[in-house]
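First the structure, in the form of C-alpha cells, and then the observations on it.
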Amino acid sequence: MAKLMNAKEYEESLRKLKLNVYMFGRKVENVVDDPIIRPSMNAVAATYEFAHKPEYEDIMTAKSHLTGNRINRFTHIHQNTGDLVKKSKMGRLLGSLTACCFQRCVGMDALNALSITTHAIDAKYGTGYNKRFLEYLAYVQENDLVCDGAMTDPKGDRSASPKKQFDPDLFMRVVEETRDGIVVSGAKAHQTGAVNSHEIIVMPTITMREEDRDYAISFALPSDAQGITYIMGRQSCDTRKLEGMTFDRGNMHYGGHEALVVFDRVFVPWERVFMYREYDFTTQLVENFAAYHRQSYACKVGVGDVLIGAAQTIAEYNGAEKASHVKDKIIEMNQLNETLFCGCIACAAEGHKEPSGTYQNDLLLANVHKQNITRLPYEIARLAQDIAGGLVVTCPSEADLTSPEVGKWVDKYFKTKADVPTEHRMRILRLIENITMGTAAVGYLTESMHGAGSPQAQRIMIARLVNMKQKQKVAKFLCGIDKER
Ligand code: SF4
Ligand code: FE
C-alpha cells in the first residue's frame, strides 16, 4: 500500500539524507533547519500537507495506474486529459496557498516525459528502458518521494555543441562504463528544490547529434549519492531570513530555492539508466519535458492570486480602493492572471494519448502559455507596485517600528486609518516587496522568464508547431488566388 507522507514525515525523511550542500562558501551541516533553506522545505512540505486535506484530495492525489493505490499527484503518470487539467489546477492551488515556487513539479514532469521516451526507445531498439523506468516509478510512488528533474546543463559556449566545448564537462556525460553501470561527470544548473529532493532525475538538455552520444544520457539517483555536491543560489534579500521571524522577510512561511548540482564521477547502476547514447531520442525527451514543465507554470497564476489579494488589501489600507483607476488596475491584474490560467487549462484539455499510454499536453498551447508567463506576471507586478505606492521600497524595518526611540514616529507617520495598525500596512507591503523584488521574485518574475526554457525557446517551438500551410491555404482560397482549400 502506498504511503502518502504527511508534512512532518517528509521533513523527517529529509533529515536522513546525507547531502553535500554549500552556501555562502560554507558547508551546510543541517540543511532542514537552516534558516535560509527552511522556508523552501516548508513549501515542498505543503505538497504533502494539502494532499491530506479532504477538500483538496481530488486535485492533490490520484490513483496509480501501476498499483491502483492512491498516490500524491506529483508522482502520477497522466492517464487522461482530466489528469492534465487537474495538474494545472494543482499548480494554481499550491501557488495561491504558498505564494512561491513549491518545487515539486520538475520531478513530476520528468517522470511523465520519461514514461513516453523510454517506451519509444524500446519500440525502436528493443531495449528494456520502460520496464526499468516503471520499476523506478513504482518505487517513487510507493514512497511518495520528491524528485528533482534535472535538465539544464551549464552549456558553456552557446555556439558550440557538447562535444566541441573547451571543457568536456559543461554538458553531463558518461566518463566510464562498467559491468554494473556507468560513471558520469558534469553539472546541472538552476536546480529548483534540489536539496529538498530525495531523488534526482537527469535528462539531456538539448538535441544531441551522433558525435554527442556520450552526452545522450538519462538516469536517476538518490540525491545524496556519492560525488554529488549542491551549491545554493543566492536570492535578493535572502539574508533577511537570518533576522529571525521579523516580518521584513515578507512571506513568513514559504520560499523557494535553486542550486548548482555538481556530479564528480558519480556511479549510476544500470537499473537506474533510462537512456544511454540513443541521441536520436534526445529531442523527444527535451520537447516533451519542456511542454509538461511549461504547463506547470500554472503555479504563477496562484502566486498572482496572492499578489492581487495583497494589492487590494494595501489599496484598502491606504483608503484608495474606491478610486476608479485603482479599481481598474485590480480588474486588469485579474484579467491578466485569468488569461494565464486559460493557457494552462487549454494545453491540458487539448492533450493526447502517447503510445506508452501517458497523456501529453498540447505542445503548441503549452509553449504559448509559457510565453505568456514570461510577460504577464511582470505587468501584474508593475500594477501591484503602482497600487502599493513608494513605501514598498522606502519602508523602515520592523526593528524601527518596535524601537523604543523611533517606533512611535514610524507608527504615527505610516498610519493611514485609525483602525488599520501600521504594522499591518508594513506587513502587506513587505509581502508585495517579497513577490515583486525579494526572494519570491525569483519564482514570480525571473523564473517566469527563464524557467522551463527562456522566451526564445518557446518562440522556436511556436514557429515549428503552428500549421502555417493550412492558414495560407485558406487565405489564398478565400481571396481567389487558389480554387481549392
Ligand atoms: Fe513548479 Fe512553478 Fe516551481 Fe517550476 S516554478 S517547480 S512549475 S512551482
Ligand atoms: Fe522551473
Side-chain angles (χ1 to χ4, degrees), residues 39-48 50 59-60 72-76 84 86-113 146-153 188-197 199-201 203 205 233 235 251 253-261 286 289-307 337 340-341 343-344 347-348 361 366-367 369-374 376-377 435 439-455 457-458:
S40 71
M41 193 283 293
N42 290 340
V44 183
T47 70
Y48 289 92
F50 295 121
I59 296 289
M60 293 297 307
N72 193 297
R73 188 170 296 283
F74 281 104
T75 67
H76 184 52
L84 286 166
K86 283 178 188 169
K87 176 197 158 185
S88 288
K89 290 185 175 178
M90 176 171 72
R92 182 177 190 169
L93 173 71
L94 287 167
S96 74
L97 293 169
T98 61
C100 71
C101 166
F102 39 86
Q103 307 145 56
R104 208 174 167 185
C105 326
V106 274
M108 164 178 61
D109 296 334
L111 291 171
N112 276 274
V146 176
C147 302
D148 168 20
M151 179 164 274
T152 310
D153 291 274
K188 292 289 178 181
H190 326 298
Q191 288 310 297
T192 298
V195 310
N196 292 328
S197 303
E199 291 280 314
I200 181 162
I201 303 173
M203 298 162 285
T205 196
Q235 297 176 335
N251 188 330
H253 303 273
Y254 302 113
H257 79 242
E258 268 80 26
L260 172 68
V261 187
V286 170
F289 172 80
Y292 279 133
H293 201 43
R294 287 167 193 174
Q295 175 199 1
S296 286
Y297 276 66
C299 62
K300 306 307 177 207
V301 186
V303 182
D305 287 328
V306 178
L307 188 55
N337 205 41
L340 294 175
F341 191 50
C344 60
C347 70
N361 55 14
N367 279 279
H369 167 61
K370 175 65 206 336
Q371 180 83 174
N372 287 335
I373 289 283
T374 67
L376 305 197
I435 297 172
T439 52
V442 176
Y444 189 55
L445 297 179
T446 319
E447 196 173 46
S448 289
M449 175 80 81
H450 293 295
S454 303
Q458 290 115 55

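Computed from a prediction, not measured in an experiment: that's the story for all the values here. For ligands, and for the atoms within them, numbers begin at 1 and follow the listed sequence.
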Original post:
Where is the tightest heavy-atom contact between Met449 and Thr374, given as atom of each residue plus distance?
Top reply: O-CG2, 3.6 Å
Original post:
Parallel, tilted or perpendicular: which fits the ring planes of His293 and Tyr297, with parallel below 30° and perpendicular above 60°?
Top reply: perpendicular
Original post:
Relative to the heavy atoms of Tyr297, which atoms of ligand 1 are at a distance of less than 4.0 Å?
Top reply: 4 (Fe), 5 (S), 7 (S)
Subject >> Any side-chain donor near an acceptor of the partner, Thr205 and Lys188, under 3.5 Å >> reply: no
Original post:
Which of the listed options, Cys101, Gly451, Ser296, holds the heavy atom that is closest to atom 6 (S) of ligand 1?
Top reply: Cys101
Original post:
Going by the atom numbers of ligand 1, which of them fall below 4.0 Å from some non-hydrogen atom of Glu447?
Top reply: 5 (S)
Subject >> Shortest non-hydrogen separation from Met151 to Gln191 and the atoms involved >> reply: N-NE2, 4.1 Å
**OP:** Could you list the atoms of ligand 1 found under 4.0 angstrom from a heavy atom of His293?
**Re:** 4 (Fe), 7 (S)
Original post:
What closest approach, in Å, do Ala366 and Cys347 show between heavy atoms, and which atom pair accounts for it?
Top reply: N-CB, 3.4 Å
**OP:** Run down the list Gly302, Gly149, Gly443, Cys105 and name the one with the heavy atom closest to atom 1 (Fe) of ligand 1.
**Re:** Cys105
Original post:
Hey, is atom 2 (Fe) of ligand 1 within less than 2.8 Å of some N/O/S atom on Cys299?
Top reply: yes
